[in-house]
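In this text, all values refer to a predicted model and were calculated from it rather than measured experimentally. Quick note on labels: first sequence line is chain A, next is B, and so on, each numbered from 1. The analysis underlying the following values was restricted to heavy atoms, covering all of them including side chains, and did not include hydrogens, waters or symmetry mates.
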2 protein chains.
Amino acid sequence: MPPDHASASGFDLERFLPYRLNSLADRISQALACLYETRHDLSVAQWRVLAWLHHREEMTAKQIREATRMDKAKVSRAVQALEDRGLIRRRPSPQDQRVQDLRLTAAGKDLLAELIPEARAWEAELVAPLSVEEYRELLDVMGKLERQLARLE
Amino acid sequence: MPPDHASASGFDLERFLPYRLNSLADRISQALACLYETRHDLSVAQWRVLAWLHHREEMTAKQIREATRMDKAKVSRAVQALEDRGLIRRRPSPQDQRVQDLRLTAAGKDLLAELIPEARAWEAELVAPLSVEEYRELLDVMGKLERQLARLE
DNA sequence: CCCTGTTGGTTTCATATGCAACCATTTGTC
DNA sequence: GACAAATGGTTGCATATGAAACCAACAGGG
C-alpha cells in the first residue's frame, strides 16, 4: 500500500514542515534573545526596530511595521521604550504631522556597534556546521517558501 | 576593503538567518493556524497535543512537554481544554498517582481524521515550488541547525 | 517507618500580545 | 473650502504567556 497523503494514518509531527520550522525558529530566536534581552535589556521587537534604523537611517513607524510585519501596537510600544531610553529620536515629519521620522541617537549607534558584532558572531557559530553551499541553498529555499506563502494568502 | 564581520557596518536584518527564519516560521505558523483555529477552534498548543497523541497513542503531560518543548503550564492548559471538549481522556496512571495517561477519545480521533489531511494538503501546497531534492535538503539542513543549537546551549 | 528532597502537574501573578476603538491629521470630492 | 473617508499612531481591554510558587505523590536514606 503506497503512502496515502489524504489519510490521517501515520502522521508524524516531527516530519511536518510547519511544525519543525517553527520549533527550530523558536529555539534560535529564544537562544539569541539572551544576547539582547539579558545583556542589554532589549526586547526582540526593540532589537528589530534598532536594526532596521541602522540599516535604513531614517524610517517611519509604518515603514518599520511593513518591514518587520509586526503589529502596529507592538511597533508603537517598542519605539516608545527606545525613545525613553534615549536610543532613538523621533520627530514629527515636516510634510505630514501624523507621521514621525525615527533615527538612531549617538547612544543608539553605540549600542548597535556592540550588539551587531555579537549577533553576527552568534549566527556564525550557529551556521558553522553548514557548508557555504548549504547556507546559500537554505536562504534560497526560504525565499521560495516566502514567495509561495505570499501567493497562498 | 573586505567585508568585516566584526564591525557593525552594512548589517542587514533581511540577511540575518535568525530573523529570516523566525519571520518565515511565524508567517507559516499563523497561516496554518487558520485551519485549526478558525475552523476547528483549536489553539496551536492544542493541535500539537492532539497530533502527538495521534502519533504515540498514550503519553503523559511530561512526555508531551519534552516532545514539543512547550511550557509546562501551556501543556497543562491545553490538556485541560481538550479534556473539557471531550477530545482526549486522561486518567491517573496506576503506577504513579501523580502522572496522568492521556489518550484520544473517539471524538478526538474523528477530529484528527479531518484535520490531518487538511494540514497535509496545506503543507503540500506550501512546498509545491520546491523540488523533492530541495525539500529533502531543507529538512537535512534544519536537522544540522538543531544539533548545533543543542551544542551551543 | 519518618523526614528530606524530587518530580509531575496546577495555579497565581505580572507581563506581553493583538485587536479594536480612538484621536489627530491629511486627502479627496463636491 | 467643508465634509466624508482614509491614514499614522496611541491606548484600552481582554487574552495568552512564562516564571515561580504551590500541591500532591513518590523515592530514598537514616
Side-chain angles (χ1 to χ4, degrees), chain A residues 22-23 25-27 29-34 36-38 41-49 52-53 56 58-85 88-103, chain B residues 22-23 25-27 29-34 36-38 41-49 52-53 56 58-84 88-103 153:
Chain A
N22 209 52
S23 291
D26 266 4
R27 284 177 67 188
S29 185
Q30 195 168 341
L32 183 59
C34 288
Y36 30 83
E37 243 163 49
T38 73
D41 196 33
L42 288 175
S43 74
V44 175
Q46 290 166 21
W47 150 254
R48 287 182 183 173
V49 171
W52 271 104
L53 286 177
R56 298 254 317 248
E58 180 165 279
M59 296 176 83
T60 71
K62 186 193 179 189
Q63 290 173 321
I64 290 184
R65 193 168 65 76
E66 285 166 350
T68 59
R69 297 174 161 266
M70 291 195 295
D71 188 79
K72 239 178 163 191
K74 204 170 179 178
V75 173
S76 174
R77 292 188 259 248
V79 164
Q80 183 90 37
L82 291 172
E83 192 191 28
D84 290 349
R85 279 181 61 183
I88 67 176
R89 179 173 55 67
R90 70 174 146 179
R91 134 172 60 154
S93 156
Q95 293 87 24
D96 185 338
Q97 295 293 109
R98 287 170 307 180
V99 320
Q100 322 200 338
D101 294 326
L102 308 174
R103 281 176 166 280
Chain B
N22 209 51
S23 292
D26 266 4
R27 285 177 66 189
S29 186
Q30 196 167 341
L32 182 60
C34 287
Y36 29 83
E37 244 164 48
T38 73
D41 195 34
L42 286 176
S43 73
V44 175
Q46 289 166 21
W47 149 255
R48 287 182 183 172
V49 171
W52 271 104
L53 286 178
R56 297 253 318 248
E58 179 165 280
M59 296 177 82
T60 72
K62 186 193 179 190
Q63 290 172 322
I64 291 184
R65 193 168 64 76
E66 285 165 350
T68 60
R69 295 175 162 266
M70 291 196 295
D71 188 79
K72 237 179 165 191
K74 206 170 180 177
V75 173
S76 174
R77 292 188 261 247
V79 163
Q80 182 91 37
L82 291 172
E83 192 192 27
D84 290 350
I88 67 176
R89 180 173 55 67
R90 70 174 146 179
R91 134 171 60 154
S93 156
Q95 293 87 26
D96 184 338
Q97 294 293 109
R98 286 170 306 180
V99 321
Q100 322 201 337
D101 293 326
L102 308 174
R103 280 175 166 281
E153 269 163 10

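Comparing B/S93 and A/T60 by the nucleotide of DNA chain D that holds the closest heavy atom to each, the one mapping nearer the 5' end is A/T60.
For the pair A/D71 CG and D/dA16 C1', the interatomic distance rounds to 14 Å; values are reported in whole Å. Straight-line distance from the CD atom of B/Q97 to the C1' atom of D/dA24: 10 Å, rounded to whole Å. Atom-to-atom, CD of A/Q80 to C1' of C/dT17 comes out at 17 Å; the value is rounded to the nearest Å. To the nearest angstrom, C1' of D/dA16 lies 13 Å from CE of B/M70. Between the P atom of C/dT17 and the CZ atom of A/R69 lies a distance of 18 Å, rounded to the nearest Å. To the nearest angstrom, C1' of D/dA25 lies 14 Å from CD of B/Q95. Distance CG (A/D26) to C1' (C/dA16): 15 Å, rounded to an integer number of Å. Taking atom CD of A/Q100 as the reference point, atom P of C/dA24 lies 14 Å away to the nearest angstrom.
Taking 4.5 Å as the limit, every side-chain heavy atom of A/L82 sits out of range of all side-chain heavy atoms of A/V79.
A/A61 comes within 4.0 angstrom of the backbone, heavy atoms only, and of no base. A/R77 comes within 4.0 angstrom of a nucleotide base, judged by non-hydrogen atoms across all strands.
A side-chain donor from one of A/Q80 and A/R90 sits under 3.5 Å from a side-chain acceptor of the other.
Looking at every heavy atom in both residues, B/S43 comes nearest to B/Y36 through O-CD1, 4.4 Å. The heavy-atom pair separating A/N22 from B/S29 by the smallest distance is OD1-CB, 3.6 Å.
Note that the OG atom of A/S76 and the CD atom of A/Q100 stand 8.5 Å from one another [nearest 0.5 Å].
With distances taken from any side-chain atom of A/R98 to the nucleotides C/dG9, D/dT7, D/dT10, the minimum falls on D/dT7. Of the candidates D/dT11, D/dG9, C/dG9, the closest approach to any side-chain atom of B/K62 belongs to C/dG9. Taking every side-chain heavy atom of B/S76 into account, C/dT11 is the closest of D/dG9, C/dT11, C/dG18.
Taking side-chain N and O atoms only, B/K72 has no distance below 4.0 Å to OP1 or OP2 of C/dG9. Regarding contacts with the backbone of C/dT7, every side-chain N or O of B/R65 stays at 4.0 angstrom or more from both OP1 and OP2.
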